[in-house]
Protein chains: 2
Amino acid sequence: MPATLRDVAEYAQVSMRTVSNVVSGYTHVSERMRKHVLQAIDELGYRPNPVARTLRTGRTGMLAFVVPEIDVPYFSALARDVIDAAAEVGYRVMIDQTGHDHDHERDLLTGNDRTMLFDGILFSPLVTKAELLEMNSPTQMPLVLLGEHEFDGRYDHVAIDNVRAAYDAVRHLLDTGRTRVAAIGAQPLEEYATPQQRTVGYELALREVGIEPEQRYARPAAHYSRADGYGAAVELLALDVRPDAIFCFSDLLAMGAMRAVFDAGLSVPQDVAIIGIDNIEEGRFSRPSLSTISLDTSFIAEQAIARVTARIETPDLRPRQIVAPHTLRIRESTASIER
Amino acid sequence: MPATLRDVAEYAQVSMRTVSNVVSGYTHVSERMRKHVLQAIDELGYRPNPVARTLRTGRTGMLAFVVPEIDVPYFSALARDVIDAAAEVGYRVMIDQTGHDHDHERDLLTGNDRTMLFDGILFSPLVTKAELLEMNSPTQMPLVLLGEHEFDGRYDHVAIDNVRAAYDAVRHLLDTGRTRVAAIGAQPLEEYATPQQRTVGYELALREVGIEPEQRYARPAAHYSRADGYGAAVELLALDVRPDAIFCFSDLLAMGAMRAVFDAGLSVPQDVAIIGIDNIEEGRFSRPSLSTISLDTSFIAEQAIARVTARIETPDLRPRQIVAPHTLRIRESTASIER
DNA sequence: TTGTAAGCGTTATCAC
DNA sequence: GTGATAACGCTTACAA
């Protein structure tokens with residue numbers, strides 16, 4: 001049985017109030033008393049019970065970071081920054097992996113979840129636009145959406161400008177002389193905001209230089225995984241007129257696509273240039289190194305944490321949209337080719 | 001203000017006891033009553049307060065998974081499996097990132113941490129052998145150590161046979177005809193168990209074929225990162241007599257080493273064969289694909305979860321050591337060479 | 001500065 | 001099968 005505050009009080013012959021004061025810090029308490037109580041605490045090996053404290057104060061000191069899959073490099077890099085940013089302001093982070101399970105996500109959003117031991121949620125969701133809109137009984141839990149969806153004014157939101165990011169990537173491919181630019185990651189359905197926005201940016205860049213987007217050059221990808229990128233690239237390379245560049249909606253797709261190009265006996269960037277989005281570390285060491293759009297994950301994490309903690313303090317804040325910066329990183333996979 | 005159990009009881013004109021029975025499930029309660037209470041719950045939008053429940057029952061339903069860095073692919077892959085295995089038995093997982101901070105780790109182990117809202121800990125630690133041994137006031141928290149350290153009989157422990165794994169990797173390099181086998185990841189100090197054990201396996205394999213390990217071929221690496229692998233490989237390649245194979249203590253080190261070989265104008269596996277440990281997905285898509293020792297992360301996760309939950313139920317279980325299987329995966333990076 | 005006591009929202013122990 | 005009531009361990013008015 002661990003010692004309780006009451007045990008310490010009895011042992012030290014003081015009131016619980018005094019012990020509590022000593023434990024939780026600063027309240028006026030004489031130095032002699034402090035020493036005395038501290039010693040009692042030490043001798044009994046007392047540790048405050050965080051659950052009791054939480055019940056009393058209403059704060060758990062924990063945030064939930066909700067992602068589809070934690071082992072996707074972009075998410076784990078973001079998780080790292082989120083954990084660090086949260087620690088900075090005294091919060092801990094519980095990672096919740098939805099595994100592409102919409103019901104799980106919805107339970108979280110509607111507060112149906114049975115074990116909500118946290119003060120706020122950072123949500124990198126898969127939920128479709130429709131699902132988000134029809135969410136009729138949103139939880140009172142402070143919530144910040146990350147990187148997906150259009151800003152609809154109901155939730156705080158931190159994301160890059162997806163249209164612009166895609167535009168920048170494709171524009172770079174065009175600038176290096178490629179003309180047959182394919183895309184991997186477009187969603188056939190209009191359900192998800194991010195792929196749709198990136199598709200818009202992709203087509204925008206093409207049209208700007210007078211190229212009409214071709215349907216067969218836009219390939220879907222279910223999970224933005226290496227395997228999906230590989231599969232989509234294999235299809236692209238089998239076309240009569242092969243693309244000379246591929247814009248992948250994530251670096252992971254790009255890694256898969258690169259491997260597919262090699263397996264087809266072709267080379268990157270000579271035969272096919274490849275660019276991704278996310279700037280995962282893997283792409284800095286791959287051969288060739290991967291050009292990409294870098295998202296500032298620590299900026300995203302800090303802004304999200306700042307926003308959710310602000311909302312914990314002041315629940316009625318007006319939802320804001322925060323746009324995170326992105327940067328084009330040119331590496332070997334899109335090097336210009338000798339003509 | 002969210003509705004409480006008491007609110008529901010008053011609203012439905014029944015006792016709190018009855019509401020609690022309905023909420024927590026099975027206790028005998030008439031069907032009519034159940035319906036009645038359920039409706040009241042629905043109308044008031046009542047959600048049980050998990051904190052209050054926890055204070056009463058002493059269970060949070062949460063486990064902590066403690067790793068140095070969550071964005072290391074091996075750890076994030078393991079985290080994924082841990083989260084899944086925990087969900088399977090009704091637990092959630094809080095991820096705690098120590099960031100190579102020994103004090104943080106020690107606080108966790110000694111229960112000095114102020115916010116321990118979990119029922120048990122899975123610990124993939126950095127603490128040195130000495131630190132672990134001198135841990136004089138271990139917390140009563142159920143604890144399972146993952147993948148590090150020797151089994152000293154005080155904690156449950158799930159890990160591969162590190163000596164054997166290293167031996168298998170090096171043996172494979174030797175079998176393909178390489179004779180100058182270097183290693184990256186050895187720790188100069190004898191503080192950490194894993195690198196030491198892998199060094200033992202490395203030297204064992206060499207000696208078995210009559211090769212005396214050379215000091216200059218064994219390079220340390222602080223963080224098992226791509227960058228450390230790169231740096232160590234650069235040094236190895238600058239030696240008068242260049243190694244013709246490198247055994248890296250992690251796949252991430254191997255990815256860095258591979259890039260260093262290319263940057264030196266050499267090729268893998270023709271000039272230098274490379275093998276790692278961990279079997280991260282990245283190595284299946286890299287060029288060349290990376291030979292490695294595969295650890296069964298889902299086995300490790302399941303065993304660890306089974307063990308920690310068992311210990312939550314029955315605190316006095318005798319600590320056990322569970323050895324996880326490993327398998328050699330031969331890929332392109334160690335292909336045999338034409339002589 | 002310190003003591004007393006009332007909750008926080010639940011579950012569990014007792015009756016009936 | 002259901003109803004009152006005492007904990008669980010802590011924080012914090014309110015008193016002293």
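Note that the structure is predicted; figures quoted are calculated from it, not measured. Residue numbers start from 1 in every chain, and the chains themselves are labelled A, B, ... in the order their sequence lines are given, proteins ahead of strands.
In this structure, Val14(B) reaches the sugar-phosphate backbone alone: every heavy-atom distance under 4.0 Å involves primed, P, OP1 or OP2 atoms, never a base.
The interatomic distance linking Asn49(A) (CG) with dC10(D) (C1') rounds to 8 Å, in whole Å. Distance CD (Glu10(A)) to P (dC10(D)): 13 Å, rounded to an integer number of Å. Between Arg6(B) atom CZ and dA6(D) atom P there is a gap of 12 Å when expressed in whole angstrom units. Atom CD1 of Ile41(B) and atom C1' of dT10(C) are 13 Å apart (whole Å). What separates CG of Asp7(A) from P of dA7(D) is a distance of 15 Å, to the nearest Å.
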Worksheet item: Checking side chain to side chain contact (heavy atoms under 4.5 Å, CB included) for the pair Val19(B)/Val14(B): CA distance, chi angles, key distance, verdict?
Response: CA-CA 7 Å; Val19(B) 180; Val14(B) 297; 3.7 Å; yes

Fill in: Worked verdict on Asn21(B) versus Arg17(B) for side-chain hydrogen bond (donor to acceptor under 3.5 Å, both in side chains)
CA-CA 6 Å; Asn21(B) 278 346; Arg17(B) 168 64 196 260; 3.3 Å; yes

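Atom CG of Leu78(A) sits about 4.0 Å away from atom CZ of Phe65(A), to the nearest 0.5 Å. Residue Glu69(B) holds its CD atom at 8.0 Å from OG of Ser225(B), rounded to the nearest 0.5 Å. If you take CE on Met94(B) and CE on Met62(A), they are separated by 6.0 Å, rounding to the nearest 0.5 Å. The distance from the CG atom of Asp71(A) to the CD1 atom of Ile70(B) is 9.5 Å, given to the nearest 0.5 Å.
Neither side chain, Asp96(A) nor Thr98(A), offers a donor N or O lying under 3.5 Å from an acceptor on the other. When only modelled atom types and interatomic distance are considered, Thr314(B) and Asp316(B) share no side-chain donor-acceptor pair under 3.5 Å.
Applying the salt bridge (charged side-chain N to carboxylate O under 4.0 Å, His left out) test to every pair with at least one member in residues 56-66 of chain B, sequence neighbours left out, gives these pairs: Arg59(B)-Glu313(B).
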Practice prompt. Take nucleotides 11-16 of chain D nucleotide by nucleotide from the 5' end and write B, S or -, depending on whether a protein heavy atom sits under 4.0 Å from the base, only from the sugar-phosphate, or from neither.
Written response: BBBB--

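Taken residue by residue, residues 30-39 of chain B places heavy atoms nearer than 4.0 Å to DNA chain D at Ser30(B), Met33(B).
Closest-nucleotide positions on DNA chain D for Val51(A) and Gln13(B) were compared, and the one nearer the 5' end corresponds to Gln13(B).
Taking only side-chain nitrogens and oxygens, Ser15(A) comes nearer than 4.0 Å to OP1 or OP2 of dG3(C).
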